[in-house]
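Taking it in order: structure first as structure tokens, then the write-up.
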Amino acid sequence: MLEINSLFYDQWVPLDVLVNVFFLYSFVGWCMECVVIRREKGAWENRGFVRLPFCIIYGFGAMLGYAVLRPLMGHTIVLYIVSAMGATAFEYATGCLMQRLFGEFWWDYSHKRFNYKGMICLESTVAWGFLILFMFHFLHGFMFRMVLRMPRYVSSALAALLLVAYGVDFVHSLRRAFQAAHETNETQDDERWSL
């Protein structure tokens, strides 16, 4: 019987290892987003939903992407195409969900060529494919080996701390985002009535 923990790595790993690798991917994604925005806008900006330095969409994308695309690992071209399209679909679905929940999504590709509704663009699709190839051939194994080197009690404590800290930050940030969306809707309604 295949256990869920072995879907994400070559061998069974404890749950705390999965949690720590998830947050490691989330941190790397946050760093990558900050660097890209710095290059594009010329200023540093927190690219995460929460105040902590994590973009969990990267954690989910990397872990789920690896589990789903793992059978394609020996077929580089197919892996590239499927992962580029899958990551773009994931980005689009996330943008639509954010639009529905908060009235906006927190990136904008409308200034890039070959974009769709500012949510996805060809440049990012191409980049996602290369990023996922890099993840499969280098990053994923490296991250697991790094986390597996930690003493078990440290890994367990860190996973618990990350989950609690992120959970508290997420609830606070979610409340703040809903409040901002509600205030924006009220302002737009007031402006309509004043016309």
- Item | Centroid separation Y66 to Y9 less than 6.0 Å | no
- V126 backbone acceptor or donor facing Y80 side chain under 3.5 Å: yes
- Query: According to a 4.5 Å side-chain heavy-atom criterion applied to Ile, Leu, Val, Met, Phe, Trp and Tyr, with indirect links allowed, do V164 and L52 form part of one hydrophobic cluster?
  - Reply: no
- Side-chain heavy atoms under 4.5 angstrom apart, residues restricted to Ile, Leu, Val, Met, Phe, Trp, Tyr: same cluster for M73 and I132? yes
- Could you walk me through whether L122 and R113 pass side chain to side chain contact (heavy atoms under 4.5 Å, CB included), step by step? CA-CA 7 Å; L122 181 60; R113 294 179 63 194; over 6 Å; no
- Query: Is L163 reachable from V171 through a run of I, L, V, M, F, W or Y residues, each pair having side-chain heavy atoms under 4.5 Å apart?
  - Reply: no
- Query: Between V19 and F23, is any pair of side-chain heavy atoms under 4.5 Å apart?
  - Reply: yes
- Task: Measure from the side-chain N and O atoms of R176 to the backbone N and O of V50, and report whether any donor-acceptor pair falls under 3.5 Å.
- Result: no
Cut-off 3.5 Å, no hydrogens considered: what does the side-chain donor-acceptor table look like for residues 137-146, sequence neighbours left out?
| from | atom 1 | to | atom 2 | distance (Å) |
| --- | --- | --- | --- | --- |
| H140 | ND1 | Y25 | OH | 2.7 |
| H140 | NE2 | F8 | O | 2.6 |
| R145 | NH1 | G141 | O | 3.3 |

- Message: Let's go through Y58 and M32 carefully: what are the C-alpha distance in whole Å and the side-chain angles of both, what is the deciding distance for side chain to side chain contact (heavy atoms under 4.5 Å, CB included) to 0.1 Å, and is it a yes or a no?
- Response: CA-CA 10 Å; Y58 284 92; M32 187 178 74; 3.3 Å; yes
- Minimum heavy-atom separation for V21 to M63, with atom names? CG1-SD, 3.9 Å
- Donor-acceptor pair, side chain of N115 and main chain of S110, under 3.5 angstrom: yes
- Calculate, to the nearest 0.5 Å, the distance between atoms OH and OG belonging to Y109 and S124 respectively. 3.5 Å
- Task: State yes or no: do L15 and M150 share one hydrophobic cluster built from I, L, V, M, F, W and Y residues joined by side-chain heavy-atom distances below 4.5 Å, directly or via other members?
- Result: yes
- Message: Taking NZ in K112 as the centre, count heavy atoms belonging to other residues, nucleotides or ligands within less than 6.0 Å. Is the count above 12?
- Response: yes
- Report the distance from atom CZ of F170 to atom CG of L174, rounding to the nearest 0.5 Å. 5.0 Å
Result block: side-chain N/O donor-acceptor pairs under 3.5 angstrom for residues 93-101, not counting sequence neighbours:
| from | atom 1 | to | atom 2 | distance (Å) |
| --- | --- | --- | --- | --- |
| T94 | OG1 | F90 | O | 2.8 |
| Q99 | NE2 | G103 | O | 3.1 |

- Distance col, row L64:CG vs L69:CG, nearest 0.5 angstrom, shows 10.0 Å
- Task: Could you tell me whether the side chain of L162 reaches within less than 4.5 Å of the side chain of F54, counting heavy atoms only?
- Result: yes
- Query: Will you find, in the side chains of E33 and W107, an N or O donor that is under 3.5 Å from an N or O acceptor?
  - Reply: no
- Nearest heavy-atom contact between G29 and C55 is C-CB, 4.4 Å
- Note on the structure: By side-chain hydrogen bond (donor to acceptor under 3.5 Å, both in side chains), S155 pairs with (sequence neighbours left out) D16, N20
- Message: Do W128 and M85 make a side-chain contact, defined as non-hydrogen atoms from C-beta onward lying under 4.5 Å apart?
- Response: no
- Task: Could you give me the CA-CA distance, side-chain angles and deciding distance for Q11 and L148, then say whether side chain to side chain contact (heavy atoms under 4.5 Å, CB included) is met?
- Result: CA-CA 12 Å; Q11 62 195 34; L148 285 166; 4.2 Å; yes
- Nearest heavy atoms of A84 and T88, plus distance in Å: O-OG1, 2.8 Å
- Would a 4.5 Å heavy-atom cut-off, applied to side chains only, mark F114 and T125 as touching? no
- Query: Do other residues, nucleotides or ligands put more than 12 heavy atoms under 6.0 Å from F134 CZ?
  - Reply: yes
- Please check if I56 and L161 belong to a single hydrophobic cluster, counting links between Ile, Leu, Val, Met, Phe, Trp and Tyr side chain heavy atoms closer than 4.5 Å. no
